[in-house]
Structure formats: C-alpha cells, structure tokens
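Data block below; observations after.
Small disclaimer: the values here were computed from a predicted structure and weren't measured. Reckoned from all heavy atoms, side chains included, excluding hydrogens, waters and symmetry mates.
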Amino acid sequence: AGMDLTFVAKDPGSEPSGSPTLYHTDRQSWVVQGWVVTDPDALAAMDIPEGETCVEIPDRLIPFFQPR
C-alpha cells in the first residue's frame with residue numbers, strides 16, 4: 001500500500017510556485033518539499049546515509065508543524 005499524503009501548507013513567502021510545501025502522512029510522519037542542499041560544507045557536516053537526503057525550508061513554515 002502506498003503512503004497517503006495530506007497537504008498541510010505551502011510557503012506563503014515563496015513566489016511564484018509556493019514551494020516549499022509540507023505534507024503529513026498516514027505513517028505519523030512529515031514529507032517536506034524544499035530546496036536541495038548543495039553547499040559542500042553543510043553536506044560534509046552531516047552524516048547522510050544511503051537512501052536519505054536533506055532539504056532546506058524557511059523558518060516561516062515551522063508553525064505548520066503540529067500533530068494532526
């Protein structure tokens with residue numbers, strides 16, 4: 001069975017696309033659409049395992065992180 005996504009919010013300060021975007025899942029988790037992190041120093045500072053990635057989102061989206 002696939003993951004069910006529920007739209008939570010698009011970044012109100014991002015134009016014209018309204019991205020980044022937050023989704024809540026039926027797995028009690030969040031999916032974040034955001035900016036790809038490409039800064040080599042930032043990537044070197046993280047230990048990102050195979051099969052994982054990171055994205056950047058703005059502070060203004062944090063208020064939307066609330067259990068549903």
Side-chain angles (χ1 to χ4, degrees):
M3 178 190 310
D4 288 332
L5 295 175
T6 301
F7 168 81
V8 175
K10 282 193 178 284
D11 179 4
S14 182
E15 294 297 330
S17 66
S19 173
T21 306
L22 298 177
Y23 299 90
H24 195 251
T25 77
D26 61 336
R27 301 177 186 186
Q28 297 181 331
S29 63
W30 296 88
V31 172
V32 180
Q33 174 188 334
W35 304 301
V36 175
V37 176
T38 58
D39 181 279
D41 293 332
L43 292 170
M46 294 181 277
D47 184 18
I48 302 172
E50 184 72 28
E52 294 186 10
T53 191
C54 62
V55 295
E56 182 180 2
I57 63 168
D59 283 342
R60 62 185 168 259
L61 277 178
I62 298 307
F64 294 103
F65 278 102
Q66 298 188 19
R68 296 187 161 248

### Query
Which is it for T6 and T25 under the side-chain contact (heavy atoms from CB on, under 4.5 Å) test, yes or no, and what are the steps along the way?
CA-CA 6 Å; T6 301; T25 77; over 6 Å; no

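Annotation: the span from L22 atom CG to W30 atom CH2 amounts to 6.5 Å, rounded to 0.5 Å. In this structure, I57 CD1 and S14 OG are separated by 12.0 Å, a value rounded to the nearest 0.5 Å.
Between L5 and Y23, the closest heavy-atom pair is CD2-CB, 4.0 Å. Looking at every heavy atom in both residues, S29 comes nearest to H24 through O-CD2, 3.3 Å.
Counting only distance, with no hydrogens or angles, the side chain of D26 and the backbone of D4 share a donor-acceptor pair below 3.5 Å.
The hydrophobic cluster around W35 extends to none of the other residues, as no ILVMFWY side-chain heavy atom falls under 4.5 Å of it.
The one candidate from D11, T21, V55 that meets the side chain to side chain contact (heavy atoms under 4.5 Å, CB included) condition with Q33 is T21.
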